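Since the structure comes first, as structure tokens, the remarks are kept for the end.
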Amino acid sequence: MPHQVELTIVAPVTEGHAEELQQHLQDLGDKPAALPFGELANLHFARFFVLQETHDLAGQAIPAKLIFLSDVDGPAEPYMAALVETFGGMLDEIFRHCVAYPTGDSLTTENRLAFLRSRTVSAATAYVNTVGRSVQQIRQEAGLREVIEDYLDQSEGELSGRSATEIRSAIRDFVFGERSLRWARRPAPPPELWWRVR
């Protein structure tokens, strides 16, 4: 089973582009369908945001940066390739505001990937909400819950007055009797031992 990994990309914003980039990201946020992250099968979470230009304690300027955070079923490399394949044009609209992003004839899949890889940073820490659960497992379990809720709604009269143990048994029989829910009869495989030990 895949384990979850974080992918963080930090790209300096071209001078004078931070406000336009911030507005573009806000516009995308108002239209979630513009970046349909649900199409990426192993993505748990993703977010773009801009760190505005500031100064350090010595007064030195720190340029604005575009941050892209992701939490995915590992490894991250296939996800990055899928990200570029699925959202190439939209990524161009976002990252074109960043220093050294490819343009013109150099705007190829390989160069997009090289840019993202070169700006990938290691995270000191990462929050994982569903440790050891793949996106597929989470989606299946959410679907299972809906199917069970529908079953309970349709069987309300039949199950009314039964004990909790009897209702649980009826639900179990229903799930085990549904061919489409065969996957639910087996426990999901845990992440690899090396990942759990780490």
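From a predicted model like this one, the values you see are computed outputs, not experimental measurements. FYI, side chains are in, hydrogens and waters are out, and symmetry mates aren't considered; it's all heavy atoms of this structure.
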Got a sec, which hydrophobics cluster with L69, joining ILVMFWY side chains under 4.5 Å apart, including via others?
-> V10, F45, F49, L51, I67, V121

So, Y101 and D92: side-chain donor and acceptor under 3.5 Å apart, yes or no?
-> yes

Heavy-atom closest contact (E178 atom, R185 atom, distance) | O-NH2, 2.9 Å

Joining Ile, Leu, Val, Met, Phe, Trp and Tyr whenever any side-chain heavy atoms lie under 4.5 Å apart, the cluster holding I62 also takes in none

Once you round to the nearest 0.5 Å, how far does CG of L159 lie from CD1 of I171?
-> 7.5 Å

Say whether, by atom type as modelled, one donor and one acceptor occur between the side chain of T108 and the main chain of N111 under 3.5 angstrom.
-> yes

Check whether more than 12 heavy atoms from other residues, nucleotides or ligands sit under 6.0 Å from atom CD of E53, and answer yes or no.
-> yes

Minimum heavy-atom distance P102-R112, with the two atoms named | CG-N, 4.3 Å

CG (L83) and CG (L91) are apart, to the nearest 0.5 Å, by 5.0 Å

Is it the case that more than 12 heavy atoms not belonging to D105 sit under 6.0 Å from its CG atom?
-> no

In plain terms, say whether E149 and R145 are close enough for a salt bridge, that is, a side-chain N and a carboxylate O under 4.0 Å apart.
-> yes

Does any donor atom in the side chain of Q23 or D27 lie under 3.5 Å from an acceptor atom in the other side chain?
-> yes

Hey, could you give me the CG/CG distance between D71 and L43, rounded to the nearest 0.5 Å?
-> 8.0 Å

Indicate the atoms forming the closest heavy-atom contact of Q52 with A18, along with that distance.
-> OE1-CB, 3.8 Å

Quick check: are there more than 12 heavy atoms from other residues, nucleotides or ligands sitting under 6.0 Å from CZ of R168?
-> no

Taking side chain as C-beta onward, heavy atoms only, is L40 less than 4.5 Å from F87?
-> yes

Taking the inter-plane angle between the rings of H97 and H24 on a 0 to 90° scale, is it parallel (under 30°), tilted (30 to 60°) or perpendicular (over 60°)?
-> tilted

With a 4.5 Å limit on heavy-atom distance, are the side chains of F174 and S155 in contact?
-> no

Check: S118 side chain, A114 main-chain N or O, donor-acceptor pair, under 3.5 Å | yes

For the residue pair L28 and A34, what are the closest heavy atoms and their distance?
-> CD2-CB, 3.5 Å

Is there a donor-acceptor contact under 3.5 Å from the side chain of E166 to the main chain of S163?
-> yes

Are the side chains of Y151 and V175 in touch, meaning some heavy atoms are under 4.5 Å apart?
-> no

Which value, rounded to the nearest 0.5 Å, describes the distance between I9 atom CD1 and L116 atom CG?
-> 4.5 Å

Say whether V99 and L66 are linked into one hydrophobic cluster, either directly or through other cluster members, by side-chain heavy-atom distances under 4.5 angstrom.
-> no

Within the side chain of R96, is there an N or O that forms a donor-acceptor pair under 3.5 Å with the backbone of T103?
-> no

OG1-CZ distance between T8 and R119, expressed to the nearest 0.5 angstrom = 15.0 Å

Could you pull out the closest heavy-atom pair between D56 and A58, with the gap in Å?
-> OD1-N, 2.9 Å

Hey, what's the ring geometry for F68 with F37, parallel, tilted or perpendicular (30° and 60° as the breaks)?
-> parallel

Is the shortest heavy-atom distance from the side chain of V50 to the side chain of K65 under 4.5 Å?
-> no

Compare every heavy atom of P75 with every heavy atom of N42, then report the nearest pair and how far apart it is.
-> ND2-O, 4.5 Å

Check the pair T14 / L21 against side-chain contact (heavy atoms from CB on, under 4.5 Å), numbers first and verdict last.
-> CA-CA 10 Å; T14 303; L21 174 57; over 6 Å; no

Taking atom CD of E85 as the centre, report whether more than 12 heavy atoms of other residues, nucleotides or ligands fall under 6.0 Å from it.
-> no

Do M80 and L7 have side chains that get closer than 4.5 Å, going by heavy atoms?
-> yes

Starting at OG1 of T86, measure out to OH of Y79 and round the result to the nearest 0.5 Å.
-> 9.5 Å

